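Everything below concerns the one structure shown next.
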Number of protein chains: 4
Amino acid sequence: MIIELDMQSDIPIYTQLTNQIIEGIASGSLKPGEALPSVRSLASDIGINLHTVNKAYQLLKQEDYIHIHRQKGVVVNPNGMPEANKEFSDKQNAQIRPLIAEAILRGVTLEEMKEMMERIYQEIEPPVNKADNKKE
Amino acid sequence: MIIELDMQSDIPIYTQLTNQIIEGIASGSLKPGEALPSVRSLASDIGINLHTVNKAYQLLKQEDYIHIHRQKGVVVNPNGMPEANKEFSDKQNAQIRPLIAEAILRGVTLEEMKEMMERIYQEIEPPVNKADNKKE
Amino acid sequence: MIIELDMQSDIPIYTQLTNQIIEGIASGSLKPGEALPSVRSLASDIGINLHTVNKAYQLLKQEDYIHIHRQKGVVVNPNGMPEANKEFSDKQNAQIRPLIAEAILRGVTLEEMKEMMERIYQEIEPPVNKADNKKE
Amino acid sequence: MIIELDMQSDIPIYTQLTNQIIEGIASGSLKPGEALPSVRSLASDIGINLHTVNKAYQLLKQEDYIHIHRQKGVVVNPNGMPEANKEFSDKQNAQIRPLIAEAILRGVTLEEMKEMMERIYQEIEPPVNKADNKKE
DNA sequence: GTGGTCTAGACCACC
DNA sequence: GTGGTCTAGACCACT
């Protein structure tokens, strides 16, 4: 999996990294149980600080998306992802609401918004091959 | 118009304020040409520093959502809102993408996402009463 | 002579007014000795504050471009305009320098700058009819 | 690079600072990719408040002349400067027009104006020594 | 150590 | 009374 960071962006590096790993899992390029690079090697690979990688991993662990073992290293949660609960859905709402408000203000229709969402959703969503659950 | 700020939130106050005013315009509670409170009065009303209010106003001005006159104060852009252009749509995309990715990861379906968007959209969108176009 | 003010602009109204009168004289639409509207009537004509018009007139008087008589009212200096002295040329230099610097920075050539200046100059400059010096 | 500010001038300090940095880039004393002093160190060096320096930097960032990294600090845009577009040229026009009008009014000829512009242009323009392109 | 944010308080330009 | 500018000083996020 390729990580692309924009060092010019004003989005914190650890956030970009977190988002990319989330998208990797969501898209199926990272599968449950699959190993992630160690903090040290990932940091040196993409040329950023150890602490930054660590912070990203800690956030992902906190959401139960990954597990961090002292010996075995870092793996995508082998039991699969936690489902959306109320807390998650509230957070999503709070984040998406201002985006929708600004879109309405600029005259974007509900249809256009839905199309945009659908396009992005399908761009990320993995192809649903019926029997794609086997361990690699 | 009521402004609600969460001083504990890690979202900057000026961002919260900006978002609320945007939502106010989007929902029709603030109409083109309508005056906004002065920097100082709004600041004292909601108990924050005038510079914080000013920063929010400057951002809204930068997007051409409001006009700031040196003496007359602040008004919602009387010529209406700028339309969505490519730059805006790119920014929206970049902001919404990680939200969608995380939703996919947690098993939210496209349908559920669309429903959420539709709900929020209609919550904000001003009711289009047929005879609501006359000047007040 | 038509005065056009942009109330949205962040250039002070009195500056805009001053500039327009200067351009009026420079272009020949306002001739030496010609009367200008009274402070009161100009203010009411263009719908601005008395003080604002007065400030503009005072600045023009200070440069000796106009005369203000208690009884006769306001007239363009009948003796013609003061010539450029060192003070004036220094001020012009200081004002134009940052504009040139930014143009250089953005890759505008000296030729292009000269062309721009020539175009504006000729746009403003009055047609030089050989015998146009007679009193009106 | 030496910064000279006139604290008595009625030109805002942050504008003076912005202009000087622009001239520094235009003249080649500040090269793309080169680091600028941190907000705090520059502020203390020239004895002004850090917010004033910050405002100048924000304006330069807005024009894409510099980049601001949260931790790495401030650098001249390594990709070089944006080219002059219509917006820029319109702004330049609007700013230079009153200067030209006043010069005409005071009898300055087009030739003299062009000479002044050429003198300033060449004063700022970096000397194009044939072998000056190598990285330092 | 860097920029980002926020506060408190001051003076000025404009109208 | 309005926004514009500047100062002084503080805490936080990021790397």
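Note on naming: letters A, B, ... go to the chains in the order of the sequence lines (proteins, then strands), and numbering restarts at 1 for each one. The figures here come from the full heavy-atom set of this structure, side chains too, leaving out hydrogens, waters and symmetry mates. Note that the structure is a prediction, hence the values are computed from the model and not measured.
Asn49(A) has no side-chain polar atom (N or O) that falls below the 4.0 Å cut-off from OP1 or OP2 of dC14(F). At dC14(F), one or more side-chain N or O atoms of Tyr14(A) fall inside 4.0 Å of OP1 or OP2 (strictly under the cut-off). Taking 4.0 angstrom as the limit, Thr52(B) places a side-chain polar atom (N or O) nearer than this to OP1 or OP2 of dT7(E). The side chain of Asn54(B) places no N or O atom within less than 4.0 Å of a non-bridging phosphate oxygen (OP1 or OP2) of dG3(F).
For the 3.5 Å distance criterion, the side chains of Thr15(D) and Thr18(D) fail to qualify, holding no donor opposite an acceptor.
The side chain of Lys55(A) has dC14(F) as its nearest neighbour among dG9(E), dA8(F), dC14(F). In the set dC14(F), dT5(E), dC15(E), dC15(E) carries the atom at the smallest distance from any side-chain atom of Pro12(C). Side-chain proximity of Gln58(B) to the nucleotides dC14(E), dG4(F), dT7(F) is greatest for dG4(F). Distances were taken from every side-chain heavy atom of Ser38(B) (C-beta onward) to each of dC6(F), dT2(F), dT2(E); the shortest belongs to dT2(F). If you check dC6(F), dC6(E), dC14(F) against the side chain of Ile13(B), the one that comes closest is dC6(E).
Tested against Tyr65(A), the residues Ile22(A), Leu59(A), Asn77(A) include a single side-chain contact (heavy atoms from CB on, under 4.5 Å) partner, Ile22(A).
When the P atom of dG1(F) is taken as reference, atom CG of Leu36(B) falls 20 Å away, rounded to whole Å. Atom CD in Gln8(D) sits about 17 Å away from atom P in dC11(E), given to the nearest Å. Per the geometry, CD1 belonging to Ile46(C) stands 11 Å off P belonging to dC15(E), to the nearest Å. Atom CG in Leu17(D) sits about 11 Å away from atom P in dT7(F), given to the nearest Å. Rounded to whole Å, atom P of dC12(E) lies 14 Å from atom CE of Met7(D). Rounded to an integer number of Å, the gap from CG of Asp6(D) to C1' of dT5(F) is 16 Å. Between the CD atom of Gln71(B) and the C1' atom of dA13(E) there is a distance of 7 Å, rounded to whole Å. Look at NE2 on His69(D): it is 12 Å from C1' on dG3(E), rounded to the nearest Å.
Note on Lys72(D): nothing from the nucleic acid sits closer than 4.0 angstrom, heavy atoms only. Contacts of Ile48(D) with the nucleic acid, taken as non-hydrogen atoms under 4.0 Å apart, involve only primed sugar atoms and P, OP1 or OP2. No contact: Asp10(A) has no heavy atom under 4.0 Å from any strand. When heavy atoms are screened at a 4.0 angstrom cut-off, Leu50(A) is found touching no nucleic acid atom at all.
Considering only heavy atoms from C-beta on, Ser89(D) comes within 4.5 Å of Asn93(D) through its side chain. The shortest side-chain heavy-atom distance between Leu5(A) and Ile13(A) falls under the 4.5 Å cut-off.
Across the strands present, dC14(F) finds its partner in dG1(E); the criterion is a Watson-Crick or G-U wobble pair with both atom distances under 3.5 angstrom.
Toward the 5′ end of DNA chain E lies the nearest nucleotide of Gly73(D), the other residue of the pair Ile11(B) and Gly73(D) mapping further downstream. Where Val39(B) and Arg70(D) meet DNA chain F, the nucleotide closest to each residue was compared, and Val39(B) sits on the side nearer the 5' end.
The base of dG4(E) is not paired with the side chain of His51(D) by any donor and acceptor separated by under 3.5 Å. The base of dG4(E) sits within donor-acceptor range of the side chain of Arg40(D), with an N or O pair under 3.5 Å.
Residue His51(A) places its NE2 atom among 12 or fewer non-hydrogen atoms of other residues, nucleotides or ligands, all under 6.0 Å distant.
The distance from atom CG of Asp90(B) to atom CD of Gln92(B), rounded to the nearest 0.5 Å, is 10.5 Å.
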